[in-house]
Amino acid sequence: MKNNVLKVTFLGTGTSQGIPIIGSDHPVCLSDNPKDKRLRVSALLEWEDYTYVIDCGPDFRQQMLANNVKKIDGIVYTHEHNDHVIGLDDIRPFYFRQGNISIYCHERVLKNLKHRFQYVFETENKYPGAPTLDTHIINDDPFTLGNKKVIPMNVYHPELQVYGFRFGDFAYVTDAKIIPQKELDKLKGVKTLVLNALRKEEHISHLNLEQAIDVVNYLKPEKAYFTHLSHHMGFHDEVEKELPEGIHLAYDNLQIEV
Ligand SMILES: [Zn+2]
């Protein structure tokens with residue numbers, strides 16, 4: 001891969017239940033279009049020899065297999081909701097091959113992971129099949145992934161703090177309902193923005209389509225991709241036609257180079 005090119009793969013673009021929802025007769029859940037099938041939200045970032053994953057939800061194993069991922073240099077967490085963290089046990093194949101796996105998260109998220117995955121953090125008589133992590137706490141300061149500077153921003157879901165991340169001209173923000181002005185300022189000048197947009201109707205903890213478009217119109221990136229989509233957003237191909245120029249619905253396994 002060329003230097004400085006960041007390849008982003010949308011591993012999952014669905015909301016917490018995924019699409020289709022189990023047992024649902026909703027037309028979007030019954031759609032044959034692969035773009036209407038959405039695993040839980042996650043993204044793969046690759047540049048030079050580096051590979052990082054944003055979030056590690058219940059579809060992590062399937063996402064790694066679908067994209068033939070051979071190694072990961074770390075997992076970066078946005079927040080601790082189940083659909084973003086519960087796949088952690090499936091990092092074992094990487095751990096067995098590579099050794100300790102780095103994770104990057106808010107201190108509060110680490111506390112939550114220790115509670116959910118107590119056996120992973122065991123220090124005495126740890127089961128040898130459990131993975132071991134190298135933990136890196138993120139605060140408001142920029143941090144480094146591989147050789148890239150990452151600027152974290154605090155968005156709110158609606159009360160829970162969630163990290164968005166900016167890598168140069170590219171930013172990834174999911175599970176936002178509120179983005180304070182100070183944090184919006186950190187996104188100014190991005191050329192490619194990934195942002196959550198749940199559905200057309202208002203929702204308590206996620207930006208809806210109109211609100212997400214407002215954020216894009218304010219920041220004016222060259223391109224924006226919406227993710228964390230519910231089946232209530234509608235059929236991919238129909239919504240895509242209604243969107244303003246430069247704005248797209250992401251779909252699973254879409255790859256972009258930024
Ligand atoms: Zn969430």
Side-chain angles (χ1 to χ4, degrees), residues 8 10-22 24 37-45 52-63 74-91 103-117 137-140 150 152-166 171-180 183-184 186-187 193-212 214-216 224-233 249-252:
V8 180
F10 290 87
L11 297 173
T13 57
T15 187
S16 59
Q17 295 186 82
I19 308 176
I21 290 181
I22 296 171
S24 168
K37 309 216 177 289
R38 301 182 187 277
L39 297 178
R40 268 57 71 89
V41 78
S42 177
L44 186 72
L45 305 182
Y52 288 88
V53 184
I54 302 182
D55 291 328
C56 181
D59 301 316
F60 178 77
R61 175 177 176 274
Q62 200 179 334
Q63 292 163 333
I75 301 168
V76 192
Y77 287 100
T78 57
H79 67 303
E80 65 271 43
H81 280 165
N82 203 66
D83 52 327
H84 297 256
V85 302
I86 203 65
L88 183 64
D89 194 71
D90 282 324
I91 65 168
I103 64 162
Y104 300 77
C105 61
H106 192 287
E107 202 169 11
R108 183 198 75 235
V109 174
L110 180 61
K111 207 171 144 202
N112 184 284
L113 291 175
K114 286 182 175 174
H115 178 70
R116 286 174 187 260
F117 298 96
I137 298 297
I138 307 173
N139 53 38
D140 284 357
V150 186
M153 65 227 42
N154 299 293
V155 301
Y156 295 88
H157 185 29
E159 270 104 37
L160 182 73
Q161 179 273 355
V162 174
Y163 276 132
F165 302 106
R166 176 172 182 164
Y172 183 93
V173 177
T174 188
D175 290 61
K177 173 69 181 179
I178 298 161
I179 310 178
E183 308 301 310
L184 266 179
K186 297 179 189 170
L187 289 166
L193 174 68
V194 176
L195 183 63
N196 62 295
L198 188 75
R199 62 185 191 191
K200 290 171 182 164
E201 301 83 47
E202 178 77 24
H203 188 269
I204 181 175
S205 59
H206 287 270
L207 296 170
N208 67 6
L209 183 60
E210 193 186 338
Q211 292 157 347
D214 284 347
V215 173
V216 174
Y225 296 87
F226 291 157
T227 190
H228 212 298
L229 304 156
S230 149
H231 59 297
H232 294 300
M233 181 65 90
L249 293 190
Y251 53 88
D252 287 18

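One-based numbering, in listed order, for ligands and for the atoms of each. Start at 1 with the first residue, then count along the sequence. Atom set for the values below is all heavy atoms of this structure, side chains included, hydrogens, waters and symmetry mates excluded.
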- Can an N, O or S atom be found in Asp83 less than 2.8 Å away from the Zn ion (ligand 1)? no
- Query: the Zn ion (ligand 1) to His157: any N/O/S contact under 2.8 Å?
  - Reply: yes
- With respect to the Zn ion (ligand 1), what is the nearest N, O or S atom of His81? ND1
- Message: Report the atom name of the nearest N/O/S atom of Asp175 relative to the Zn ion (ligand 1).
- Response: OD2
- Query: Is it true that a side-chain atom of Tyr163 and a backbone atom of Ile138 form a donor plus acceptor pair closer than 3.5 Å?
  - Reply: yes
- Item | Heavy atoms of other groups near Glu210 CD, more than 12 under 6.0 Å | no
- Message: For the residue pair Asp175 / His81, report whether a side-chain donor-acceptor contact shorter than 3.5 Å exists.
- Response: no
- Message: Using 30° and 60° as the class boundaries, would you call the ring planes of Tyr104 and Tyr52 parallel, tilted or perpendicular?
- Response: perpendicular
